[in-house]
Every structure is written in structure tokens, then in C-alpha cells.
Amino acid sequence: MHLSVCKLITNLAFGLFAGLFLILTVERVVAQSSEETSCTIRLGVVPQFEQRRLIAVWTPLADAISLKTACEVKLHGSKSISEFEDEFKAGIFDIAYMNPYHAVMANDAQGYKPIVRSGESRLKGILVVPKDNPIQSIKDLHGKEVAFPSPNALGASLLMRAELGELHGVRVVPKYVKTHSSTYIHVMKKLVVAGGGVARTLREQPEAIKGALRVLYTTSEVFAHPIVVHPRLTPELRESIQTALLELAEESPELFESIPMRRPTSSNLADYEGLSAIGLEGYVE
């Protein structure tokens with residue numbers, strides 16, 4: 001009887017050990033398989049909207065990319081444009097949505113490459129003055145205070161200041177007022193003689209503001225904001241992300257409308273290399 005009990009205990013112990021070994025082996029195999037078949041992608045977005053709106057706009061697209069690529073796309077929110085610039089210069093993002101000159105800066109700093117951009121719209125800056133202001137030439141703005149949203153807003157500020165200075169010899173005194181809307185209000189109230197913006201944001205203003213302004217000058221056009229990828233991503237993953245974005249543009253164009261990126265198409269660095277010839281670097285702050 002004593003021997004039978006010992007044998008039973010031994011068999012039970014062996015069974016428990018074998019079962020535990022099997023469980024640990026399966027867990028290790030599953031973990032290894034998971035590591036081999038999954039990845040995480042950090043998505044950076046230039047903070048053109050306040051955080052809640054940015055999250056609402058980008059989360060559906062990030063989730064859709066995750067489903068297409070089998071990689072978890074994590075949205076990384078930057079608190080300001082300057083913080084966003086520091087982060088892409090440090091290579092924090094795997095993929096990112098940024099303005100065209102940022103794309104040039106990001107390529108210089110880390111080798112980021114554009115993969116997708118809007119196939120419909122282009123970016124151009126506008127300079128507005130009060131409708132009843134008699135100024136007819138940008139030459140009349142030389143030495144005057146002009147409002148801009150921020151130093152490195154491409155169309156509204158950077159491209160505008162560079163063209164005024166480099167192409168027309170007009171040097172203005174910038175007054176940075178944080179937003180496009182604030183710029184238009186400053187001009188409407190005649191707190192400054194003129195202000196920089198873009199056509200889209202002017203169209204979005206209330207009629208009371210829009211109707212009080214007229215466009216004095218328009219910059220040259222450049223391709224709009226691209227989505228770029230960091231070179232640490234494998235060629236296969238870069239192609240997978242680009243394919244996913246273009247497929248989603250066909251299947252669910254509404255995901256891109258609020259960004260805004262209309263009729264997305266493939267892109268590369270050649271789309272933005274012409275920006276370097278304008279001399280923008282002399283106006284970056």
C-alpha cells in the first residue's frame with residue numbers, strides 16, 4: 001500500500017511537471033511567433049490642430065493602417081510645432097505627417113522620405129490687407145509690421161517672408177500671433193498693415209472677417225503636406241505602409257478629408273527639393 005501511494009504521488013508530480021513544461025513551451029513559442037509577426041509604428045503629426053481635434057482626426061486613420069499592415073500604429077502627440085521639429089530631428093517618429101519644408105528638414109536631419117501626399121491640392125500663401133486700404137503693391141509694405149501665425153508655418157509665413165525678401169526685396173517686421181484666425185483679425189482691426197495666411201483658412205473665416213479683407217499677394221505653389229517614413233523601417237514595411245495608405249484612400253477617402261489630404265497619391269523627395277532653392281533656411285526661426 002505504501003509503495004502504491006508513493007508511486008501515485010510520483011506519477012502525479014511527473015504529470016504536473018510535464019504539463020507545466022508544455023505550458024511554458026507553448027507560451028514561449030507564441031511569444032516568439034508574436035514578435036516575428038507584429039510591430040509597433042510611432043506616428044507623429046504636426047500639431048496644426050489642438051490636441052483633441054488632432055486625436056479625433058488621426059485615430060481612425062491610424063487604426064485603419066494598423067489593420068492593413070498588422071503593425072500597431074501609435075499616435076504620438078506633440079505639444080507644439082517647435083517640439084514636433086525637435087522630435088523629428090531626433091528621429092522619434094517612424095512615420096509622420098508634416099509640412100513640405102519640414103519634410104526637407106527631416107530628410108537632412110534623419111533621412112526621412114515622403115511616400116504619400118495630396119494629389120489634388122497644393123499649398124500657397126496669401127497676404128491680405130484691409131479691403132479699404134489703398135495699398136496696391138507689396139513694395140508699400142517695406143519696413144512695416146505684418147502679422148503671421150508662427151515663424152515656420154510654411155505657406156502663411158515662411159514661404160511668404162522668403163518670397164517678399166528674396167524675390168522682391170521687401171523686408172517686413174514680423175508679428176507672430178499664433179493662429180491664422182488671429183492673423184486675419186489683426187488685419188481686419190488694422191492692428192497691422194497686412195497679414196499672412198493660406199487660401200483655405202481664409203475661406204473658413206466668418207463672413208464678417210472674410211468680407212473685410214482682400215488678397216494683395218499670392219506666393220508660388222508647392223505640393224502640400226506629405227506623410228514621410230524613417231529609413232530605419234525596412235523597405236518591405238515602407239512599401240506596406242504606402243500601399244495601405246493608397247488602398248485606404250480608395251476605400252475610405254473620408255479618413256483623409258479632415259487631415260486634409262485629398263486624393264492621396266504616391267510621393268518622393270523630388271516633390272519638395274525645389275523648396276531649398278528659395279532660400280527658406282534664412283527665414284527659419
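- A donor-acceptor pair under 3.5 Å links the side-chain atoms of Ser118 to the main chain of Arg262, judged by distance alone.
- When every heavy atom of Val170 is checked against every heavy atom of Leu141, the shortest pair comes out as CG1-C, 4.2 Å.
- Under the 4.5 Å side-chain heavy-atom criterion for ILVMFWY residues, no single connected hydrophobic cluster contains both Leu127 and Tyr283.
- A donor-acceptor pair shorter than 3.5 Å can be found between the side chains of Glu87 and Ser78.
- Glu204 and His180 are not linked by any side-chain donor-acceptor pair at a separation below 3.5 angstrom, with hydrogens and angles left out of the test.
- Cation-pi geometry between Arg117 and Phe223 is met: the NZ or CZ atom falls under 6.0 Å from the ring centre, inside 45° of the normal.
- The pair Lys68-Glu251 counts as a salt bridge, with a side-chain nitrogen and a carboxylate oxygen less than 4.0 angstrom apart.
- With sequence neighbours left out, the side chain to side chain contact (heavy atoms under 4.5 Å, CB included) criterion links Leu75 to Leu43, Val45, Leu54, Ile55, Trp58, Thr59.
- Of the N and O atoms on the side chains of Gln242 and Ser266, not one donor lies less than 3.5 Å from an acceptor on the other residue.
- Under a 4.0 Å N-O distance rule, the pair Asp132/Lys190 qualifies as a salt bridge.
- Across Ser240 and Thr69, no two heavy atoms sit closer than the pair OG-CG2, 3.6 Å.
- Taking the six-membered ring where tryptophan is involved, the planes of His230 and Tyr112 are perpendicular, since the angle between them exceeds 60° and thus also 30°.
- Connectivity analysis of hydrophobic side chains (ILVMFWY, heavy atoms under 4.5 Å, direct or indirect) links Ile185 to Ile126, Val128, Tyr184, Val187, Met188, Val192, Leu202, Ile209, Leu213, Val215.
- Linking Ile, Leu, Val, Met, Phe, Trp and Tyr residues whenever their side-chain heavy atoms come within less than 4.5 Å leaves Leu159 and Val177 in two separate clusters.
- We find that Glu257 and Arg263 are not joined by a salt bridge, their nearest charged nitrogen and carboxylate oxygen being 4.0 Å or further apart.
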